[in-house]
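The block underneath contains the structure these notes are about, expressed in structure tokens.
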Amino acid sequence: EEVIVIEAGKPFSAKNVELKKILSSFTGEICISDPYLDVATLDVIFKGIEANTPIKILSQNLINKPPGSFARHLADLRKEGYQVEVGIYSSSDLHDRYLMDAGSFWLSGNSLNHLGEKESFLVRLGEDIRQSMMATFNNRWKAAKKI
């Protein structure tokens, strides 16, 4: 297990240093569960993940301000080779934020779009948790409305 402390008031460092280190270490498909999704989340993906990496984002609340902006930004990201799929899961089951690939699982105390605004932690958990949460993610993904 590993813990990264995210200091309050350091959103640039949190997203562009700490989170980027984690994301760049991932291999294969990346799965992200974050109940709050907006264009800032897409910016994190653009800066931290290589194009052509398959990415699935599961969320409950799409913050689309101004209206239509999320779809435009997602389309632009896809035009540049990013394989981002977004699923909106309408159940209130989503609460924790996490990121995982085939070999690791990271729990985030804050949504990716606001990481670093308040004190938070990124915690790497074990393979048993990753396997369990991958099954949960996949079940929720099947039920989610795709954008």
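From I22, atom CD1 reaches atom CG of L122 across 4.5 Å, with rounding to the nearest 0.5 Å. Taken from CE in M100 to CD1 in I32, the straight-line distance is 10.0 Å, to the nearest 0.5 Å. Interatomic distance, L99 CG to I49 CD1, rounded to the nearest 0.5 Å: 8.0 Å. One distance of note links CG of L42 with CG of L37; it measures 6.0 Å at 0.5 Å rounding.
In this structure, the side chain of S132 does not engage the main chain of D128 through any donor-acceptor pair within 3.5 Å. Not a single donor-acceptor pair under 3.5 Å links the side chain of K56 to the backbone N or O of P54. Not one N or O on the side chain of N110 forms a donor-acceptor pair closer than 3.5 Å with the backbone of E119.
Take E117 and apply the side-chain hydrogen bond (donor to acceptor under 3.5 Å, both in side chains) test, not counting sequence neighbours, and it matches H114. For S91, the side-chain contact (heavy atoms from CB on, under 4.5 Å) test picks out Y89, D93, with sequence neighbours left out. For K20, there are no side-chain hydrogen bond (donor to acceptor under 3.5 Å, both in side chains) partners two or more places apart in sequence or in a different chain. Under the ring-ring contact (aromatic ring centres under 6.0 Å, His included) criterion, Y36 pairs with no residue, sequence neighbours left out. Under the rule for a salt bridge (charged side-chain N to carboxylate O under 4.0 Å, His left out), K15 has no partner lying at least two apart in sequence or in another chain. Not counting sequence neighbours, the partners of N16 by the side-chain contact (heavy atoms from CB on, under 4.5 Å) test are F12, K47. Remark: E127 engages R130 in a salt bridge (charged side-chain N to carboxylate O under 4.0 Å, His left out) (not counting sequence neighbours). I129 pairs by the side-chain contact (heavy atoms from CB on, under 4.5 Å) definition with F105, L125, M133, not counting sequence neighbours. Under the rule for a salt bridge (charged side-chain N to carboxylate O under 4.0 Å, His left out), E85 has no partner lying at least two apart in sequence or in another chain. For D38, the side-chain contact (heavy atoms from CB on, under 4.5 Å) criterion is met by A40, T41, I63, N113, not counting sequence neighbours. Every salt bridge (charged side-chain N to carboxylate O under 4.0 Å, His left out) that E7 has, sequence neighbours left out, goes to K10.
The two residues R140 and L58 have their closest heavy-atom pair at CB-CD2, 3.5 Å. Heavy atoms only, all atoms of each residue included: G116 and A14 are closest at CA-CB, 3.7 Å. Contact between D96 and P35 at its shortest, heavy atoms only, is O-CD, 4.0 Å.
Residue F46 is grouped with residue V39 when hydrophobic side chains (ILVMFWY) are merged at heavy-atom distances under 4.5 angstrom, including chains of intermediate members.
Side-chain contact check for L23 versus V44: some heavy-atom pair is nearer than 4.5 Å. Inter-residue side-chain proximity for C31 and M134 is flagged as met; some heavy-atom pair is nearer than 4.5 Å. Annotation: side chain of V5 is in contact with side chain of F121 (closest heavy-atom distance under 4.5 Å). Side chains of T53 and F26 form no contact here, defined as non-hydrogen atoms less than 4.5 Å apart.
Environment of NZ in K146: crowded, with over 12 heavy atoms of neighbouring residues, nucleotides or ligands closer than 6.0 Å.
For the 3.5 Å distance criterion, the side chains of D101 and S104 qualify, holding a donor opposite an acceptor.
Residues in residues 73-84 take part in no side chain to side chain donor-acceptor pair (under 3.5 Å) pair, two or more places apart or across chains.
Only one option out of S108, S33, S111, S59 pairs with R97 in a side chain to side chain donor-acceptor pair (under 3.5 Å); it is S111. Screening I88, V84, L112 against I57 for a side chain to side chain contact (heavy atoms under 4.5 Å, CB included) leaves a single residue, V84.
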